[in-house]
Amino acid sequence: MNPINRKGYRLLHEGSFAFGRAERAGIRIDEQYCHKQLKSLENKERKLEKKIFNSKPGATWRSLYGSRAKLGSPDQLKAVLKKHYGLRIEGSVDKTVLASYNLPLLWAILRVRKLHKTRTTYLRGIASETLDGYLHPFFNLHTARTYRSSSSRPNFQNIPVRDPEVAKIVRRAFIARNGHCLVEIDYGAVEVRVAACYHEDPRMIRYLKTGFDMHGEMGAECYRTKKSQVSKDMRYAAKNRFVFPEFYGSYHKQVAPDLWNAIQELKLSLNDGTSLHTHLRKRGIKNFEDFGDHIERVEDRFWYEKFARYTEWKEEWLAAYRKTGYFDLKTGFRCRGWMRRNEVINYPIQGSAFHCLLWSFTRLDEEMRKRKMRSVIVGQIHDSILADVHLNELEDYIELATYISTKAIRKHWEWITLPLIVDVEIAPPDGTWYDKKERKVV
DNA sequence: TCGTTCACGC
DNA sequence: GACGTACGTGAACGAA
């Protein structure tokens with residue numbers, strides 16, 4: 001830890017007390033539910049495993065390894081694929097690779113992996129750390145190189161949310177205290193906003209101030225459609241396979257295959273139902289070659305026309321680091337040591353964005369105690385805060401949390417030159433974390 | 001015991 | 001013109 005001024009020091013000092021209070025308060029867990037699900041998942045897993053070993057490729061598996069046969073072994077899997085199908089896989093056998101072969105055996109393996117992960121890492125991890133109905137995950141401020149936080153025993157920051165089946169199984173274990181409900185407040189695009197405070201790119205600032213839909217626009221550009229033709233899935237693909245990777249320092253040769261595979265994987269179609277392959281063919285993109293060339297041009301426009309100032313900033317920032325051997329965060333920290341290009345560019349943004357959360361978390365905790373509120377903050381996930389809120393305090397809590405994290409913070413840190421926004425999600429009083437529903441607040 | 005692979009989050 | 005995805009934790013496997 002290397003704070004360079006009093007503000008930086010105080011942020012971590014007070015933040016660690018606030019995190020400690022959340023850890024002590026804990027999150028209420030439905031232990032009965034956990035144990036029921038653990039058993040049920042174990043059964044499903046065992047049945048599926050049996051089914052796999054009784055199949056034809058499963059027989060090959062048993063003939064090769066006998067009682068030492070393990071579905072979880074990548075080496076064994078590769079040997080079985082080679083013997084049974086004559087299929088040679090070099091290197092990784094992860095989800096994307098296995099899915100691409102579209103074989104019943106491999107889909108079954110992926111399903112076992114998923115059930116197993118859900119049971120062991122999540123439900124078992126939660127159950128074994130729960131004491132008298134409350135879970136107390138650790139929130140650390142001293143482990144991440146980026147000045148972000150981390151969480152462990154269990155890691156509260158990687159609870160499944162994207163896969164609806166798994167999200168449902170795991171998140172239904174998290175419940176509110178009696179007479180309370182769970183409320184999650186998330187910063188919207190905070191890393192993009194904080195980045196803009198560093199590079200001050202005028203076009204990016206205009207986008208952020210007008211609520212412009214960048215993911216939708218890039219969906220249209222990547223797949224050569226009109227903005228009005230962009231479907232929800234296309235936007236999702238553009239966000240996770242173009243915009244974010246590009247911001248993290250990826251480039252077209254990596255990004256283009258992912259965008260291309262998304263067409264199959266997510267069965268992408270236009271708003272009116274036209275298949276994307278058909279559409280692309282009409283626009284002169286007949287194969288992956290063409291598509292790769294197209295994405296290269298999209299990328300060029302993105303960095304050299306749209307966000308030219310951002311691009312300049314990256315080079316200047318890197319050059320300054322290479323000259324001096326360090327760089328400073330706007331939140332009062334100095335980063336030193338040997339770093340690669342992408343690290344130098346990403347750390348200040350990730351770190352400062354997390355510090356916005358940390359400051360808000362700390363102030364909110366302080367104010368809630370001052371007001372003797374019965375609601376408690378129970379956790380944090382990089383850019384969001386989870387609280388267990390007393391029903392009588394619901395409106396007060398939302399108003400206070402929103403005010404602190406969007407308004408008060410800008411009085412404390414004048415370097416935040418852009419508006420910050422939050423989304424509010426609330427679970428019903430008798431609901432679980434899985435049942436949270438969005439409620440837009442600015 | 002430790003490095004690698006896999007999978008989950010932001 | 002070449003280069004090039006950030007950060008975390010945990011479980012299982014398998015070699016040492």
Side-chain angles (χ1 to χ4, degrees), chain A residues 65 68-78 89 91-99 109-126 128-129 137-163 165-167 169-171 184 186-192 194-195 239-259 296 299-300 303 311 314-315 318 335 339-354 357 379-386:
Chain A
Y65 295 99
R68 293 200 324 280
K70 281 175 186 165
L71 293 184
S73 165
D75 290 346
Q76 291 187 13
L77 175 59
K78 278 186 239 188
I89 300 183
S92 175
V93 282
D94 66 13
K95 201 158 65 170
T96 29
V97 173
L98 295 196
I109 295 279
L110 288 178
R111 176 112 190 116
V112 174
R113 282 188 189 171
K114 185 161 115 171
L115 293 170
H116 190 75
K117 175 87 172 167
T118 307
R119 180 168 68 86
T120 57
T121 301
Y122 295 110
L123 284 173
R124 193 175 70 190
I126 292 163
S128 66
E129 292 288 344
F138 290 103
F139 294 104
N140 310 302
L141 285 172
H142 65 291
T143 58
R145 287 154 43 94
T146 50
Y147 289 96
R148 263 192 179 185
S149 66
S150 71
S151 170
S152 57
R153 293 190 61 186
N155 182 351
F156 185 67
Q157 298 178 321
N158 71 346
I159 307 292
V161 65
R162 288 184 196 169
D163 181 321
E165 185 194 8
V166 182
I169 295 171
V170 179
R171 286 180 179 244
E184 194 173 339
D186 291 60
Y187 272 118
V190 66
E191 280 192 14
V192 181
V194 165
K239 172 182 163 189
N240 291 309
R241 303 189 186 213
F242 183 85
V243 180
F244 283 155
E246 289 284 346
F247 282 152
Y248 286 140
S250 191
Y251 75 125
H252 61 96
K253 278 201 189 310
Q254 294 262 351
V255 158
D258 283 353
L259 284 166
E296 189 175 354
E299 181 183 60
D300 269 354
W303 287 116
T311 304
K314 291 201 281 192
E315 298 313 318
L318 184 65
C335 296
M339 283 176 268
R340 282 164 292 190
R341 173 197 167 89
N342 285 343
E343 294 172 328
V344 174
I345 293 163
N346 289 331
Y347 287 7
I349 294 166
Q350 261 186 25
S352 311
F354 168 70
L357 188 281
Q380 155 274 134
I381 313 174
H382 305 305
D383 63 357
S384 78
I385 294 173
L386 182 69

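So you know, we letter chains A, B, ... as the sequences are listed, proteins then strands, and number each from 1.
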### Task
Assign A:Q254 to base, sugar-phosphate, or nothing according to its heavy-atom contacts below 4.0 angstrom with the strands shown.
base
## Note on the structure
To the nearest angstrom, the CD-P distance between A:E299 and C:dT5 comes to 13 Å
### Query
How many angstroms lie between atom CD1 of A:I169 and atom NZ of A:K114, to the nearest 0.5 angstrom?
8.0 Å
### Query
From B:dT5, B:dC10, C:dG10, pick the nucleotide closest to the side chain of A:R153?
C:dG10
### Task
Look at the side-chain N and O atoms of A:R113 and state whether any lies under 4.0 Å from the OP1 or OP2 oxygen of B:dA7.
yes
### Summary
A:I159 atom CD1 is separated from B:dC10 atom P, nearest whole Å, by 11 Å
### Who pairs with C:dC3 - Watson-Crick or G-U, where each distance is under 3.5 Å
none
### Query
Please give, in whole Å, the distance from C:dA12 P to A:L77 CG?
18 Å
### Query
Think A:S73 has a side-chain N or O under 4.0 angstrom from the OP1 or OP2 of C:dG14?
yes
### Message
Using a 4.0 Å heavy-atom cut-off, does A:P245 contact any base of the nucleic acid, only the sugar-phosphate backbone, or nothing at all?
### Response
base
### Query
Looking at A:V93 and A:P74, what are the two nearest heavy atoms and their distance?
CG2-CB, 3.8 Å
### Query
Can A:K314 and A:E246 be counted as an ion pair, charged N to O under 4.0 angstrom?
no
### Message
Partner lookup for B:dT5, please. Criteria are Watson-Crick or G-U wobble with both distances under 3.5 angstrom; report none if nothing qualifies.
### Response
C:dA11
### Task
Check the distance between C:dT9's P and A:R145's CZ and give it to me in whole angstrom.
12 Å
### Task
For the side chain of A:N342, starting at C-beta, report the closest nucleotide among C:dA11, C:dT5, C:dC7.
C:dT5
#### Entry: Along DNA chain C (nearest heavy atom to each residue), the more 5'-positioned of A:G249 and A:Y347
A:G249
### Task
Look at the side chain of A:R124 and decide which nucleotide, out of C:dA11, B:dC10, B:dC8, has an atom nearest to it.
C:dA11
### Task
May I ask you to say what A:R241 touches in the nucleic acid, namely base, sugar-phosphate or nothing, with a heavy-atom cut-off under 4.0 Å?
nothing
### Message
It should be established whether A:S150 places a side-chain nitrogen or oxygen under 4.0 Å from OP1 or OP2 of nucleotide C:dT9.
### Response
yes
### Query
A:R119 side chain N/O closer than 4.0 Å to the phosphate oxygens (OP1, OP2) of C:dG10?
no
### Query
Just checking A:S92: base, sugar-phosphate only, or nothing, at a heavy-atom cut-off of under 4.0 Å?
sugar-phosphate
### Task
Give a yes or no on whether a donor-acceptor pair under 3.5 Å exists between the nucleobase atoms of C:dA6, that is its base, and the side chain of A:Q350.
yes
## Note on the structure
A:V161 has its side chain closest, among B:dC10, C:dT5, C:dA6, to B:dC10
### Task
Give, for atom CZ of A:F244 and atom NZ of A:K239, the distance between the pair rounded to the nearest 0.5 Å.
5.5 Å
### Task
Could you tell me whether A:N346 contacts a base, only the sugar-phosphate backbone, or nothing, with contacts defined as non-hydrogen atoms closer than 4.0 Å?
sugar-phosphate
### Query
What's the NZ-C1' distance between A:K114 and B:dG9, to the nearest Å?
16 Å
### Sugar-phosphate only, base, or nothing, as touched by A:K95 at under 4.0 Å among non-hydrogen atoms
sugar-phosphate
### Task
Would you mind reading off the distance between A:H116 atom NE2 and C:dA11 atom P, rounded to a whole angstrom?
10 Å
### Under 3.5 Å: donor-acceptor pair, side chain of A:T118, backbone of A:V166
no
### Query
Roughly how far apart, to the nearest Å, are B:dC10 and C:dT5 at atom C1'?
14 Å
#### Entry: Whole-Å gap separating C1' (B:dG9) and CZ (A:R162)
7 Å
### Task
Classify the nucleic acid contact of A:S151 as base, sugar-phosphate or nothing, counting any heavy atom under 4.0 Å across all strands shown.
sugar-phosphate
### Task
Look at the side chain of A:Q76 and decide which nucleotide, out of C:dA12, C:dT5, C:dG14, has an atom nearest to it.
C:dG14
### Task
Between C:dA12, C:dG14, C:dG10, spot the one nearest the side chain of A:S152, thanks.
C:dG10
### Query
Do you know the tightest heavy-atom contact between A:N155 and A:I159?
O-CD1, 3.8 Å
### Message
Considering every strand and a 4.0 Å limit on heavy-atom distances, what is the contact class for A:V93: base, sugar-phosphate, or nothing?
### Response
sugar-phosphate
### Summary
Regarding the side chain of A:T121, the nearest nucleotide among C:dA11, B:dA7, C:dA6 is C:dA11
### Length of the CG-C1' vector between A:N155 and B:dC6, whole Å
15 Å
#### Entry: Straight-line distance of A:F138 CZ to A:S151 OG, nearest 0.5 Å
9.5 Å
